[in-house]
K.L.:
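One structure follows; several queries about it will come next.
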Amino acid sequence: VEGKGRWLQEVAQGHVNRAMELVRNDTLTVAEAKSMWYHAYRLSLLVSNMAPCDNDENKSRYMEGTGEEFNLSYMPMLPFATILIGKKLLNDDRGRGEKGIYLGPSMLVRGGIIMFSLVSKALSIKYSFIARDHMPILSDIDIEKGTELLYGSLMKTFDEIPQSISDNG
């Protein structure tokens, strides 16, 4: 029992260390990162409950406790403190998404996650989100170069059109 408790604390400490990297990047304050201990510990406990049950190796501890099989489609798992964009219910002057930090899956909303908003500094449950490491400000990026890197050349010259297409037209 003592070893399992120590393992949970060490994993939770690793989660908080990820949040402390965001402090070094000026994304979070030290107080905000330290306030995430509960969620870091909760996520490490959830991960440990995916291990096989001591009584029945065909069941996970999660299944033994809840009666249902663990499924990532309704319990999304991401690395702790992953920066993401969570969908808001209504548009406002800042758009439809809100930048935040992943703290773990929601136990109240199937498929939802707990997110710490970097805008409002509040916790919320989001069911629609996308993970992002860094969201650049549009004025900071060269749109044409980015488009070229992502999609290649979008402009085709007449010489590049396949012969079978150009013959039919």
Side-chain angles (χ1 to χ4, degrees), residues 1-92 94-137 146 149-151:
V1 174
E2 180 182 338
K4 188 172 297 276
R6 183 174 294 128
W7 181 87
L8 290 172
Q9 289 175 347
E10 288 174 1
V11 172
Q13 180 65 57
H15 293 329
V16 172
N17 289 348
R18 283 182 53 89
M20 293 305 266
E21 288 180 28
L22 297 175
V23 171
R24 287 189 280 283
N25 297 340
D26 292 328
T27 304
L28 291 176
T29 65
V30 173
E32 288 168 343
K34 287 184 177 181
S35 72
M36 296 178 181
W37 255 105
Y38 166 78
H39 296 284
Y41 194 84
R42 182 180 161 275
L43 184 60
S44 62
L45 184 61
L46 183 62
V47 169
S48 80
N49 281 337
M50 287 190 254
C53 183
D54 293 334
N55 299 338
D56 185 357
E57 290 183 11
N58 296 322
K59 291 183 179 179
S60 67
R61 294 181 201 146
Y62 179 83
M63 188 175 187
E64 187 72 25
T66 63
E68 59 183 15
E69 199 168 322
F70 184 86
N71 188 333
L72 287 174
S73 66
Y74 61 80
M75 286 203 116
M77 299 291 285
L78 297 171
F80 188 81
T82 296
I83 294 182
L84 49 82
I85 304 296
K87 182 179 175 187
K88 296 186 288 189
L89 294 177
L90 300 173
N91 273 344
D92 61 14
R94 287 175 275 151
R96 186 104 169 131
E98 187 173 23
K99 191 172 181 182
I101 297 172
Y102 173 83
L103 299 179
S106 169
M107 301 303 268
L108 300 174
V109 177
R110 282 177 91 82
I113 61 163
I114 300 172
M115 182 184 98
F116 175 77
S117 170
L118 294 173
V119 177
S120 66
K121 306 296 183 184
L123 295 179
S124 62
I125 295 175
K126 301 291 183 185
Y127 58 87
S128 183
F129 58 92
I130 185 167
R132 297 280 185 201
D133 276 339
H134 172 68
M135 292 297 291
I137 298 169
L149 290 171
L150 285 173
Y151 304 110

K.L.:
Could you pull out all residues at least two apart from Glu64 that satisfy side-chain hydrogen bond (donor to acceptor under 3.5 Å, both in side chains)?
P.N.:
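Counting only residues at least two positions away or on another chain, Glu64 forms no side-chain hydrogen bond (donor to acceptor under 3.5 Å, both in side chains).
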
K.L.:
Tyr74 ring centre to Arg110 NZ or CZ under 6.0 Å, with the angle to the axis within 45°?
P.N.:
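That pair qualifies as a cation-pi contact.
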
K.L.:
If you count heavy atoms of other groups shown closer than 6.0 angstrom to NZ of Lys121, is the number above 12?
P.N.:
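Enclosed: over 12 neighbouring heavy atoms sit under 6.0 Å from NZ of Lys121.
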
K.L.:
What is the distance from atom OH of Tyr38 to atom CG of Leu43, rounded to the nearest 0.5 Å?
P.N.:
11.5 Å

K.L.:
Which heavy atom in Gly112 sits nearest to a heavy atom in Ile125, and how many Å separate them?
P.N.:
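So the minimum-distance heavy-atom pair works out to CA-CG2, 4.5 Å.
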
K.L.:
Determine whether the side chains of Thr27 and Asn25 contain a donor N or O and an acceptor N or O closer than 3.5 Å.
P.N.:
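Checked: Thr27/Asn25 side chains show no N/O donor-acceptor pair below 3.5 Å.
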
K.L.:
Taking the side chain as every heavy atom from C-beta outward, state whether Lys126 and Leu84 have any atom pair closer than 4.5 Å.
P.N.:
no

K.L.:
Got more than 12 heavy atoms from elsewhere within 6.0 Å of CD, Glu68?
P.N.:
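Enclosed: over 12 neighbouring heavy atoms sit under 6.0 Å from CD of Glu68.
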
K.L.:
Mind listing the closest non-hydrogen atom pair of Ala81 and Leu22 along with its distance?
P.N.:
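In terms of heavy atoms, the two residues are closest at O-CD1, 3.6 Å.
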
K.L.:
With heavy-atom distances below 4.5 Å as the criterion, would you say the side chains of Ile113 and Leu103 are in contact?
P.N.:
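In short, these two side chains do not touch, never coming nearer than 4.5 Å.
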
K.L.:
Just by distance, no angles: are the side chains of Asn17 and Glu21 close enough, under 3.5 Å, to form a donor-acceptor pair?
P.N.:
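No - no donor-acceptor pair under 3.5 Å links their side chains.
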
K.L.:
Measuring from atom OG1 of Thr82 to atom CD1 of Ile101, what distance do you get when rounded to the nearest 0.5 angstrom?
P.N.:
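If I round to the nearest 0.5 Å, the distance is 9.5 Å.
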
K.L.:
Heavy atoms only: give me the nearest Pro76-Gly111 pair and the separation to one decimal.
P.N.:
CG-O, 3.5 Å

K.L.:
When rounded to the nearest 0.5 angstrom, what is the spacing between CE in Met77 and OH in Tyr102?
P.N.:
5.0 Å

K.L.:
What's the shortest heavy-atom distance between Ala33 and Val16, and which atoms?
P.N.:
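Heavy atoms of Ala33 and Val16 come nearest at O-CG1, 4.3 Å.
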
K.L.:
Distance check, rounded to the nearest 0.5 Å: Gln9 atom CD versus Trp37 atom CH2?
P.N.:
7.0 Å

K.L.:
Please answer whether the main-chain N or O of Asp54 pairs with a side-chain N or O of Arg61 as donor and acceptor at a distance below 3.5 Å.
P.N.:
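No, because the side chain of Arg61 does not come within donor-acceptor range (under 3.5 Å) of the backbone of Asp54.
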
K.L.:
Once rounded to the nearest 0.5 Å, what's the spacing between atom CZ of Phe80 and atom OG of Ser44?
P.N.:
9.5 Å

K.L.:
Would you say the side chain of Ile114 lies within less than 4.5 Å of the side chain of Arg42, judging by non-hydrogen atoms?
P.N.:
yes

K.L.:
Minimum heavy-atom separation for His15 and Ala40, please, with both atom names.
P.N.:
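Taking every non-hydrogen atom into account, CD2-O, 3.2 Å.
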
K.L.:
Can you name the nearest heavy-atom pair linking Ile85 to Gly97, along with the distance?
P.N.:
CG2-CA, 3.8 Å

K.L.:
Find the distance between CZ (Phe116) and CE (Met36) and round it off to the nearest 0.5 Å.
P.N.:
5.0 Å

K.L.:
Just do the side-chain contact (heavy atoms from CB on, under 4.5 Å) check on Lys59 and Glu69 with the steps written out, would you?
P.N.:
CA-CA 8 Å; Lys59 291 183 179 179; Glu69 199 168 322; over 6 Å; no

